[in-house]
Engineer: 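Following this message is one structure expressed as structure tokens.
All figures in this text were calculated on a predicted structure; none of them were measured in a lab. Every chain is numbered from 1, with letters handed out A, B, ... down the list of sequences.
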There are 2 protein chains.
Amino acid sequence: MNTSAMQLTLLTIAEPNRFNIVELLKKGPRSVSDIVQALNIGQPQVSRHLRIMSDAGLVYVERKAQQRIYSLEAQPFQELDAWFDSFSRLWEDRLDKLDDLLSEIKREEQE
Amino acid sequence: MNTSAMQLTLLTIAEPNRFNIVELLKKGPRSVSDIVQALNIGQPQVSRHLRIMSDAGLVYVERKAQQRIYSLEAQPFQELDAWFDSFSRLWEDRLDKLDDLLSEIKREEQE
DNA sequence: TTAATATATACGTTGACATGTATATACGTT
DNA sequence: AACGTATATACATGTCAACGTATATATTAA
């Protein structure tokens with residue numbers, strides 16, 4: 001599990017505007033001006049955020065005349081998805097412990 | 001889906017030291033001095049990071065004499081887990097499109 | 001070539017946050 | 001009570017990153 005790549009992804013999408021860009025791009029590819037319109041931030045800021053996301057490997061670009069169409073890269077999100085899956089032990093273990101506790105109580109009642 | 005809560009969680013665990021604290025606490029509860037030893041940062045810094053994580057609802061504390069034992073809260077990680085699951089469409093759709101493409105090619109070959 | 005549209009970059013300013021040092025608080029032991 | 005250990009907080013400092021404004025680059029159209 002490549003934690004430093006995940007940290008970069010986390011750091012990148014933790015910024016509120018970029019988080020919103022991710023939410024938007026999840027619905028499908030969008031041009032810069034699409035994003036400017038959808039979220040309420042200036043064009044240079046959007047370009048800058050997209051640059052940062054691109055550097056982090058979270059998006060890729062396609063040219064269409066003067067427009068740049070941005071899409072989400074799947075891999076980094078898959079990685080984080082897998083990482084968060086590994087947390088499931090956190091709550092499953094608790095349920096197991098609860099089960100153990102309940103069994104123990106039952107046993108005590110029967111004695 | 002509570003995006004503002006998720007953003008807070010992301011922002012909190014994106015910081016490298018706190019990310020490492022999460023990785024450590026995933027293995028089980030730890031005292032402050034445990035964490036100080038495991039990661040290589042000063043005690044006040046660890047306390048401060050734990051304070052921030054606590055404010056964000058990511059950890060809870062139990063007292064044991066002078067020690068404070070920190071554990072991960074399950075819920076915020078469950079939320080992010082669910083959110084990242086929603087990205088699966090991202091790559092599944094692509095596979096679907098690939099399937100479509102392959103079917104089309106086959107059809108063309110048969111004509 | 002000139003103009004128009006779409007996007008990217010440069011730069012100065014500002015605010016937020018992480019760090020280190022010092023100190024306060026909490027709890028236990030003698 | 002006095003001391004030691006464990007943890008939390010206060011404060012000054014430095015760094016980084018986001019923002020706004022201005023401008024550069026790219027692409028198409030006239």
Side-chain angles (χ1 to χ4, degrees), chain A residues 3-25 28-73 76, chain B residues 3-25 28-73 76:
Chain A
T3 57
S4 65
M6 288 193 307
Q7 283 191 44
L8 180 58
T9 304
L10 283 176
L11 215 47
T12 305
I13 69 176
E15 201 282 329
N17 289 314
R18 290 194 289 264
F19 180 88
N20 291 330
I21 292 177
V22 169
E23 287 270 77
L24 184 61
L25 292 185
R30 294 283 189 280
S31 73
V32 176
S33 47
D34 285 341
I35 301 173
V36 170
Q37 272 203 308
L39 319 182
N40 221 23
I41 39 182
Q43 176 267 313
Q45 282 69 24
V46 170
S47 284
R48 176 149 239 289
H49 284 307
L50 288 169
R51 180 69 151 78
I52 291 167
M53 296 170 75
S54 173
D55 287 348
L58 304 192
V59 294
Y60 62 91
V61 202
E62 281 163 324
R63 303 190 162 202
K64 185 180 178 182
Q66 313 102 314
Q67 301 191 56
R68 302 294 133 96
I69 311 296
Y70 284 86
S71 309
L72 286 186
E73 202 78 61
Chain B
T3 56
S4 65
M6 287 193 307
Q7 284 190 44
L8 180 59
T9 304
L10 283 176
L11 216 48
T12 305
I13 68 175
E15 201 281 328
N17 288 314
R18 290 195 288 265
F19 180 88
N20 291 330
I21 292 177
V22 169
E23 287 269 78
L24 185 60
L25 291 185
R30 294 284 189 280
S31 73
V32 176
S33 48
D34 285 342
I35 301 173
V36 169
Q37 273 202 307
L39 320 182
N40 222 22
I41 40 183
Q43 176 268 314
Q45 282 69 23
V46 170
S47 284
R48 174 150 244 287
H49 283 307
L50 288 168
R51 181 68 151 78
I52 291 167
M53 295 171 76
S54 172
D55 287 348
L58 303 193
V59 295
Y60 62 91
V61 202
E62 281 163 324
R63 304 191 164 202
K64 185 179 178 183
Q66 313 102 314
Q67 300 191 54
R68 302 295 132 95
I69 312 296
Y70 284 85
S71 310
L72 286 187
E73 202 78 61

Engineer: If we ignore angles and hydrogens, is there a donor and acceptor under 3.5 Å between the side chains of A:Gln7 and A:Thr3?
Structural biologist: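 Checked: A:Gln7/A:Thr3 side chains show no N/O donor-acceptor pair below 3.5 Å.
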Engineer: For B:Thr12 versus B:Ala56, what's the shortest heavy-atom pair and its separation?
Structural biologist: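 The answer is OG1-CB, 3.5 Å.
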Engineer: Quickly work out the A:Gln66 CD to D:dT27 C1' distance and round it to whole Å.
Structural biologist: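 Taking atom C1' of D:dT27 as the reference, CD of A:Gln66 is at 5 Å.
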Engineer: Find the distance B:Ile52:CD1 to C:dA18:P and express it as a whole number of Å.
Structural biologist: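 Rounding to the nearest Å, CD1 of B:Ile52 and P of C:dA18 are 5 Å apart.
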Engineer: Between D:dA6, D:dC19, D:dT27, which nucleotide has the shortest distance from any of its atoms to the side chain of A:Ala65?
Structural biologist: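 For the A:Ala65 side chain, the nearest candidate turns out to be D:dT27.
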Engineer: Return the nearest nucleotide to the side chain of A:Val32; candidates are D:dT21, D:dT5, C:dA8.
Structural biologist: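 The answer is C:dA8, which lies nearest to the side chain.
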Engineer: Please determine whether a side-chain nitrogen or oxygen atom of A:Arg63 lies at a distance below 4.0 Å from atom OP1 or OP2 of D:dT27.
Structural biologist: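 The answer is yes; a side-chain N or O of A:Arg63 sits under 4.0 Å from OP1 or OP2.
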Engineer: Taking the side chain as every heavy atom from C-beta outward, state whether B:Phe19 and A:Met6 have any atom pair closer than 4.5 Å.
Structural biologist: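 Yes; the side chains approach each other to less than 4.5 Å.
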Engineer: Do A:Glu15 and D:dA18 share a donor-acceptor pair, side chain to base, under 3.5 Å?
Structural biologist: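 For A:Glu15, whose side chain was compared with the base of D:dA18, there is no donor-acceptor pair (under 3.5 Å).
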Engineer: With a cut-off of 6.0 Å (strictly less than), are more than 12 heavy atoms of other residues, nucleotides or ligands near CZ of B:Arg48?
Structural biologist: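 Open.
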Engineer: If I take atom CZ in residue B:Arg48 and atom C1' in nucleotide D:dC11, what distance separates them, rounded to the nearest angstrom?
Structural biologist: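 Spelled out: CZ on B:Arg48 to C1' on D:dC11 is 11 Å.
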Engineer: Rounded off to whole Å, could you give me the CD-to-P distance for the A:Gln37 and C:dT7 pair?
Structural biologist: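 Those two atoms, CD and P, are 11 Å apart.
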Engineer: What's the closest nucleotide to the B:Arg51 side chain, out of D:dT9, C:dA8, C:dA6?
Structural biologist: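 Closest nucleotide among those given: D:dT9.
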Engineer: According to the Watson-Crick and G-U wobble definitions, with both distances under 3.5 Å, which nucleotide is paired to D:dA26?
Structural biologist: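 Pairing partner: C:dT5.
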Engineer: With a 3.5 Å limit on both atom pairs, tell me what C:dC27 is paired to, counting Watson-Crick and G-U wobble, or say none.
Structural biologist: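 Answer to the pairing question: D:dG4, which forms a Watson-Crick or G-U pair with C:dC27.
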Engineer: Between D:dT28, D:dA8, C:dA26, spot the one nearest the side chain of B:Pro44, thanks.
Structural biologist: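 Nearest listed nucleotide: D:dA8.
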Engineer: What is the distance from CD1 of B:Ile69 to C1' of D:dA6, rounded to the nearest Å?
Structural biologist: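 About 10 Å, once rounded to whole Å.
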Engineer: What integer distance in Å separates B:Asp34:CG from D:dT5:P?
Structural biologist: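 So the CG-P distance, B:Asp34 to D:dT5, works out to 17 Å.
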Engineer: Only one of A:Val22, A:Ile21, A:Leu8 passes side-chain contact (heavy atoms from CB on, under 4.5 Å) with A:Ile13; say which it is.
Structural biologist: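 Exactly one candidate clears the test, A:Val22.
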Engineer: Go through C:dT19, D:dA18, C:dA8 for me and flag the one nearest to the B:His49 side chain.
Structural biologist: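 The listed nucleotide nearest to B:His49's side chain is C:dT19.
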Engineer: Can a donor-acceptor pair be found between the side chains of B:Ser33 and B:Gln37 at a distance below 3.5 Å?
Structural biologist: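 No.
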Engineer: Looking across every strand, which nucleic acid part, if any, lies under 4.0 Å from B:Ser47 by heavy atom: base, sugar-phosphate, or nothing?
Structural biologist: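 Base, at least one base atom sits under 4.0 Å.
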Engineer: Where the side chain of B:Arg68 is concerned, which of C:dA18, D:dA8, C:dT5 is the nearest nucleotide?
Structural biologist: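 It is D:dA8.
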Engineer: Hey, is the side chain of A:Ser33 poking within less than 4.0 Å of OP1 or OP2 on C:dT7, counting only N and O atoms?
Structural biologist: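 Indeed, a polar side-chain atom of A:Ser33 lies that close.
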Engineer: In this structure, how many angstroms lie between the P atom of D:dC16 and the CG atom of B:Asn17, rounded?
Structural biologist: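 In whole Å, D:dC16 P lies 15 Å from B:Asn17 CG.
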Engineer: Once you apply a heavy-atom cut-off of 4.0 Å, does A:Ile35 come out as touching a base, just sugar-phosphate, or nothing?
Structural biologist: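 The residue A:Ile35 makes no contact with any strand.
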Engineer: In whole angstrom, what separates A:Gln43's CD from C:dT5's C1'?
Structural biologist: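 The distance from CD of A:Gln43 to C1' of C:dT5 comes to 11 Å, rounded to the nearest Å.
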Engineer: Pick base, sugar-phosphate or nothing for A:Gln45, based on heavy-atom distances below 4.0 Å to the nucleic acid.
Structural biologist: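 Base contact.
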Engineer: Is the distance from OP1 or OP2 of C:dA6 to the nearest side-chain N or O of A:Tyr70 less than 4.0 Å?
Structural biologist: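 No.
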Engineer: Just checking B:Ile41: base, sugar-phosphate only, or nothing, at a heavy-atom cut-off of under 4.0 Å?
Structural biologist: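 Nothing, no nucleic acid heavy atom in range.
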